[in-house]
Amino acid sequence: MDRDTAVPQVDSLPGERAREWVEYHRENAAPSTYVYDFVWDITEDAEGPFCTDADGNVLLDFTSHVAAAPLGYNNPKIMDRMREFDLVDPLKIAGQDFYASGGDDPGEEELPGPAGLMQRLVDITDHYDMDTVFLSNSGAEAVENAIKIAYDESDGAKYGVTFEGAFHGRTLGALSLNRSKSVYRRKFPEVSGIVDLPFCDDRTCSADSCSCGFFPDDESAASRLRRKLDPDRGHVDPEDVAYVIVEPIQGEGGYRIPSDAFMDELAALVDEHDITLVADEIQSGVGRTGKMWGADHFAIEPDVITSAKALRVGATISRTDVFPERKSRLSSTWGAGDIIASLQGALTLDAIHEYDLMDNAVARGRQFTETLSDAALDAVVDVRGKGLMLGVEFDTKERRNAVQEACLQSGLLTLACGYKVLRVLPPLDVTEREIELGATLLAEAIEDCS
Ligand SMILES: Cc1ncc(COP(=O)(O)O)c(C=O)c1O
């Protein structure tokens with residue numbers, strides 16, 4: 001496959017072999033959340049956003065596996081370096097009981113494992129004074145550990161603050177913070193004391209013109225969070241708040257970008273009351289938005305960052321003083337030990353710097369939003385995004401679903417989120433030609449469904 005000339009080519013989706021593979025998979029798999037009966041054939045051609053499915057269809061994948069494959073498929077930008085290493089063994093050591101060396105002097109190693117990844121993570125969170133990382137296996141674990149260290153640091157304060165539309169994972173602690181869909185929480189026990197507040201996602205909102213509910217519509221212009229924490233009027237003592245957790249740009253909740261007024265107020269309040277601010281960057285981090293972290297677009301200064309997906313491991317990043325000192329308070333068998341995953345994460349960060357991929361994300365994201373906005377499609381209510389974290393909001397959920405299916409049939413993979421939003425996540429090195437292809441296929445699909 002030549003990435004410079006490849007185009008999506010679809011005969012039928014799902015084809016016969018795809019159906020067989022799906023059936024085989026489902027024989028023993030728990031019913032889960034697979035979006036399409038799309039089966040990537042790992043033995044066939046794939047590069048960047050292009051891949052071949054089990055029936056030989058060529059697809060343009062603008063999902064980047066929900067930001068977990070930030071460079072798409074078989075990208076030479078990391079694969080060439082991975083191939084330099086003789087990865088003959090599974091190379092998975094039991095993470096946090098042992099250490100691994102890359103053979104060279106520490107810090108100079110050509111094979112960056114967990115230590116090399118943590119060093120890189122500290123480099124890119126230095127502007128928030130972060131110097132310490134706990135590696136785990138998934139985003140949910142990164143969140144679990146973030147709230148654990150926040151409870152620990154605050155001596156077990158009883159409240160956590162989350163926002164409407166939030167999604168932070170599916171383990172019991174993390175799901176307690178979710179406020180997107182009831183399916184994530186229904187019938188499951190939860191961490192107590194989680195307070196939720198509106199997430200102000202109207203880009204035009206200011207404190208006195210807000211229509212999102214975070215700033216109530218009355219003369220005081222004090223936000224709901226400020227009122228809750230107010231010593232005279234509020235019912236929550238700031239000392240009892242262990243953390244506020246926020247996605248700088250909401251993911252599952254609908255690719256919602258907060259207003260500056262909201263983020264300014266959040267920054268001011270956590271500063272005033274010395275509350276630990278956790279930024280969940282599991283979807284928005286690692287260059288996806290055109291900056292390394294979604295938080296970098298706003299006034300907030302997180303005390304803890306959670307990352308995962310694009311890193312291939314989970315990471316809870318903060319300052320030494322926030323982490324408990326006592327051994328065994330945090331640990332995970334495979335946490336820091338998955339050398340191949342850590343290597344991939346570290347090489348991804350290297351590639352982002354080496355190939356200026358954040359600049360590319362900004363330029364290509366702009367190209368996408370301009371192309372779709374210029375098409376002036378009636379069914380589209382909003383086209384938004386930062387970098388390559390792009391959302392297209394429709395007039396109805398049914399239309400969004402129909403457009404997603406029409407895209408698939410023309411060979412463009414996209415994902416849904418929120419109530420009626422389609423999310424588009426091209427790889428960070430997506431080219432002008434590929435954006436043109438994808439945006440055109442999407443615009444055609446929208447017209448067909450209108
Ligand atoms: C913002 C956010 N937090 C947490 C998670 C949970 O990550 P994981 O699925 O790796 O547990 C996700 C996953 O989509 C996410 O988008």
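Note that ligands are numbered from 1 as they come in the structure, with each ligand's atoms numbered from 1 the same way.
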Participant: Just to be sure I read this right, does ligand 1 sit under 4.0 Å from the backbone of Arg170, its side chain, both, or neither, counting only heavy atoms?
Facilitator: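 No part of Arg170 is near ligand 1 at this cut-off.
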Participant: Give the atoms of ligand 1, by number and element, whose distance to some non-hydrogen atom of Glu252 is under 4.0 Å.
Facilitator: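 Those qualifying, in numeric order: 14 (O).
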Participant: Identify, with sequence neighbours excluded, every residue that meets side-chain hydrogen bond (donor to acceptor under 3.5 Å, both in side chains) alongside Asp196.
Facilitator: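 Checked Asp196 against side-chain hydrogen bond (donor to acceptor under 3.5 Å, both in side chains); matches are Arg179.
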Participant: Can a donor-acceptor pair be found, under 3.5 Å and without considering hydrogens, that links the side chain of Thr52 to the backbone of Asp45?
Facilitator: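 Yes, the answer is positive, given that a donor and an acceptor are paired below the 3.5 Å cut-off.
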Participant: Which heavy atom of the protein is the closest neighbour of atom 7 (O) of ligand 1, given with residue, atom name and distance?
Facilitator: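 Heavy-atom neighbour on the protein nearest atom 7 (O) of ligand 1: Gly139 CA, 3.3 Å.
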Participant: In the protein, which heavy atom is nearest to atom 16 (O) of ligand 1, and how far is it?
Facilitator: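 The answer is Gln283 NE2, 2.8 Å.
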Participant: Look only at interatomic distance and state if Ile282 has a nitrogen or oxygen under 3.5 Å from any nitrogen or oxygen of ligand 1.
Facilitator: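 The answer is no, given that Ile282 and ligand 1 share no N or O pair closer than 3.5 Å.
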Participant: Side chains of Thr132 and Thr320: is there a donor and an acceptor less than 3.5 Å apart?
Facilitator: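 Side-chain D/A pair, Thr132 to Thr320: present.
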Participant: Can you report which non-hydrogen protein atom sits closest to atom 14 (O) of ligand 1, along with the distance?
Facilitator: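 Protein heavy atom with the smallest distance to atom 14 (O) of ligand 1: Lys309 NZ, 3.1 Å.
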Participant: I need the atoms of ligand 1 closer than 4.0 Å to a non-hydrogen atom of Glu247, numbered in the order shown.
Facilitator: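 Per the distance check, 1 (C).
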Participant: Output yes when Asp80 and Arg83 qualify as a salt bridge under the 4.0 Å nitrogen-oxygen rule, no when they do not.
Facilitator: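 Salt bridge present between Asp80 and Arg83.
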Participant: Counting from 1, what ligand 1 atoms have a heavy atom of Ala140 closer than 4.0 Å?
Facilitator: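 The atoms of ligand 1 under 4.0 Å from a heavy atom of Ala140 are 6 (C), 7 (O), 8 (P), 11 (O).
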Participant: Against heavy atoms of Gly169, which atoms of ligand 1 measure under 4.0 Å?
Facilitator: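 Heavy-atom distances to Gly169 below 4.0 Å select 4 (C), 6 (C).
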Participant: Is it true that Gly251 lies under 4.0 Å from ligand 1, counting heavy atoms only?
Facilitator: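 No.
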Participant: Counting N and O atoms only, with roles assigned by atom type, does the side chain of Glu141 sit under 3.5 Å from a partner on the main chain of Gly335, one being a donor and the other an acceptor?
Facilitator: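 Not a single qualifying donor-acceptor pair exists.
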Participant: Quick check: does any side chain N or O of Arg399 sit under 3.5 Å from a backbone N or O of Cys449, one acting as donor and the other as acceptor?
Facilitator: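 Flag set: sc Arg399 to bb Cys449 pair under 3.5 Å.
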Participant: Determine whether any heavy atom of Asp280 lies closer than 4.0 Å to an atom of ligand 1.
Facilitator: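 Yes, Asp280 has a heavy atom closer than 4.0 Å to ligand 1.
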Participant: Under 4.0 Å from atom 11 (O) of ligand 1, is there at least one protein heavy atom?
Facilitator: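 So far as the 4.0 Å threshold goes, atom 11 (O) of ligand 1 is in reach of a protein heavy atom.
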Participant: Do Glu239 and Tyr159 have side-chain N/O donor and acceptor atoms under 3.5 Å apart?
Facilitator: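 Judged by distance alone, the side chains do not pair up.
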Participant: ring-ring contact (aromatic ring centres under 6.0 Å, His included) with Phe199: which of Phe167, Phe214, Phe262?
Facilitator: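 Option passing the ring-ring contact (aromatic ring centres under 6.0 Å, His included) with Phe199: Phe262.
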Participant: Using a strict 4.0 Å threshold on nitrogen-to-oxygen distance, state whether Asp429 and Lys77 make a salt bridge.
Facilitator: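 Salt bridge: yes.
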Participant: Heavy-atom contacts with Phe167 under 4.0 Å: which atoms of ligand 1 show up? List them by number with element.
Facilitator: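 That gives atoms 1 (C), 2 (C), 3 (N), 5 (C), 12 (C), 13 (C), 14 (O), 15 (C) of ligand 1.
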Participant: Does at least one non-hydrogen atom of Glu141 fall below 4.0 angstrom from an atom of ligand 1?
Facilitator: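 False for this residue.
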